2 protein chains.
Amino acid sequence: MPDQVLSAPETPKRPRGRPRKTLDERDDGNRRHDLLKAAAQLFRRKGFAATTTRDIAAAAGMQSGSPFYHFKSKDALLFAVMEEGMQSALARQRLVVETPAHRAASPVEQLRTLVRCHFDVLLGPGNDFVPVMLYESRSLNTRQRKQVAQLIAAYESLWMPVLVALEKSGQLRAPAPLARLLILGALNWSVQWFDAKKGASVATLTDTAIALFIKES
Amino acid sequence: MPDQVLSAPETPKRPRGRPRKTLDERDDGNRRHDLLKAAAQLFRRKGFAATTTRDIAAAAGMQSGSPFYHFKSKDALLFAVMEEGMQSALARQRLVVETPAHRAASPVEQLRTLVRCHFDVLLGPGNDFVPVMLYESRSLNTRQRKQVAQLIAAYESLWMPVLVALEKSGQLRAPAPLARLLILGALNWSVQWFDAKKGASVATLTDTAIALFIKES
DNA sequence: CCTACCGATCGGTAGG
DNA sequence: CCTACCGATCGGTAGG
């Protein structure tokens, strides 16, 4: 679950039973994160413009004005969702790429790992953050869009060396830059149709995608 | 331009110069279609929920209440945009598929034709209708969604025989149903990044996609 | 974080 | 198709 890689640390052990809110336990960070999670879920299901800040407040168990104690504006909430989504996706990707086994693997297996990681980021349980980024970016202002674009560039940059290697070996029959757009498009679209409860698993989805895109050497 | 295949017929010849609105010339169909075009463009750029009926009215040169003379509600306008988009896409697809040359072609060439046709529908100048359908369906109610789903099913049904043939011949290395989802996803995503003014043309885009997905026999 | 509230905007309508 | 308008909702804020 990539959105836990960087999520706020669990509050430390405390006595069992109903948690009582003492002053030193209040932990605003958790309430803020509750808002983020509620916002991500609603933005994904209904879209940014169709979601009201009242919806989000209610989903987080707050009153209508309270989200603005944590976020300056509805826009800022959207941006925070996307930033958290991309930061955790990046962290997950780095975790997987920096392993010795991955560095030693063939380009095909490296691509398989990237594809699998991407599917996990998109389709894992509770992973609404990145889908929101994929489908609601037009609601950002110019400055926010630029920042998100940087995170996306960092995320996608790890794909290019692998694709270039595959193009050179003849296993990828398309120019790497265009191949990247087409392949990531095929994966990103899975958000629209994937159903965890039926059909293929993420594992077979990954293998199918590799079989479709890659020629044996 | 697929959205002209089924568009309202041009008004017949009339005297040169500034068209005067006489009674028998009023042609409500054209005003209605102006609204549809304006709505499609705005829904695509800003999304359905972020577009106001006043925006649409202004873009069509009307007053704020006038769209409701042509459409019962904002929802009905969205649905009409999607329906027109899919009807014209279907018409274009049929036109291309029913040609004798296409029937005689190899499965690879048949797929190339379908891909090319799909790119044209998505990326052709002024073709905002189908992108709106792809990215705004969640704003439809259940009944509308079902109707749109039927049009999509009709559109996609022409792909399956071709993909099945390619799978059997070993040129497609993935089960046809999953391959269809991945391939159409790759194409549909092009709406997000394609820029007619720079980069690849639709023709090279088509050839690249085929090279990526299909193994030589 | 809640209460109470404001100004602006929005979808939609009556009547012509 | 325009004019004039209404009721509801929404993002956001002051003050505690």
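Values in this document were obtained by computation on a predicted structure and should not be read as measured data. To find a chain, count down the sequence lines: A is the first, B the second, and so on, and within it residues start at 1.
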Quiz item: Regarding A/Tyr135 and A/Gln192, is there a side-chain donor-to-acceptor distance under 3.5 Å anywhere?
Solution: yes

Keeping [X] on the side-chain end and [Y] on the backbone end, is there a donor-acceptor pair under 3.5 Å?
X        : Y        : result
B/Glu84  : B/Phe129 : no
B/Asp55  : B/Thr52  : yes
B/Asp128 : B/Leu42  : no
B/Arg180 : B/Ser157 : no
B/Arg45  : B/Thr51  : no

Quiz item: For DNA chain C, which residues in residues 57-67 of chain B have a heavy atom at a distance below 4.0 Å?
Solution: B/Gly65

Quiz item: Looking only at side-chain N and O atoms, does B/Arg54 come under 4.0 Å of OP1 or OP2 in C/dC10?
Solution: no

Practice problem: Please examine the side chains of B/Gln144 and B/Met82, heavy atoms only from C-beta on, and report whether any two atoms are closer than 4.5 Å. | Solution: no

To the nearest Å, how far apart are [X] [atom1] and [N] [atom2]?
X       : N      : atom1 : atom2 : result
B/Arg32 : D/dC1  : CZ    : C1'   : 15 Å
B/Lys74 : D/dT9  : NZ    : P     : 15 Å
B/Leu78 : C/dG12 : CG    : C1'   : 17 Å
A/Leu35 : D/dG11 : CG    : C1'   : 15 Å
A/Asp75 : D/dC10 : CG    : C1'   : 14 Å
B/Phe71 : C/dT13 : CZ    : P     : 15 Å
A/Phe68 : C/dT3  : CZ    : P     : 16 Å
B/Ile56 : C/dG12 : CD1   : C1'   : 13 Å

Quiz item: Any idea which heavy atoms bring B/Ala57 and B/Pro67 closest together, and the distance?
Solution: CB-CG, 3.6 Å

Quiz prompt | Non-hydrogen atoms of A/Val96 and A/Thr99 that approach each other most closely | solution = O-CG2, 3.4 Å

Exercise. Anything under 30° is parallel, anything over 60° is perpendicular, the rest tilted; go ahead and classify B/Trp159 against B/His118.
Key: perpendicular

Quiz item: Where does DNA chain C form stems of at least three consecutive Watson-Crick or G-U wobble pairs, each pair having both distances below 3.5 Å?
Solution: C:1-16 with D:1-16

Exercise. Run the numbers on B/Lys37 and B/Asp34 for salt bridge (charged side-chain N to carboxylate O under 4.0 Å, His left out), then give the verdict.
Key: CA-CA 5 Å; B/Lys37 267 184 17 187; B/Asp34 288 345; 5.3 Å; no

Quiz item: Which residues within residues 41-52 of chain A lie with some heavy atom under 4.0 Å of an atom in DNA chain D?
Solution: A/Thr51, A/Thr52

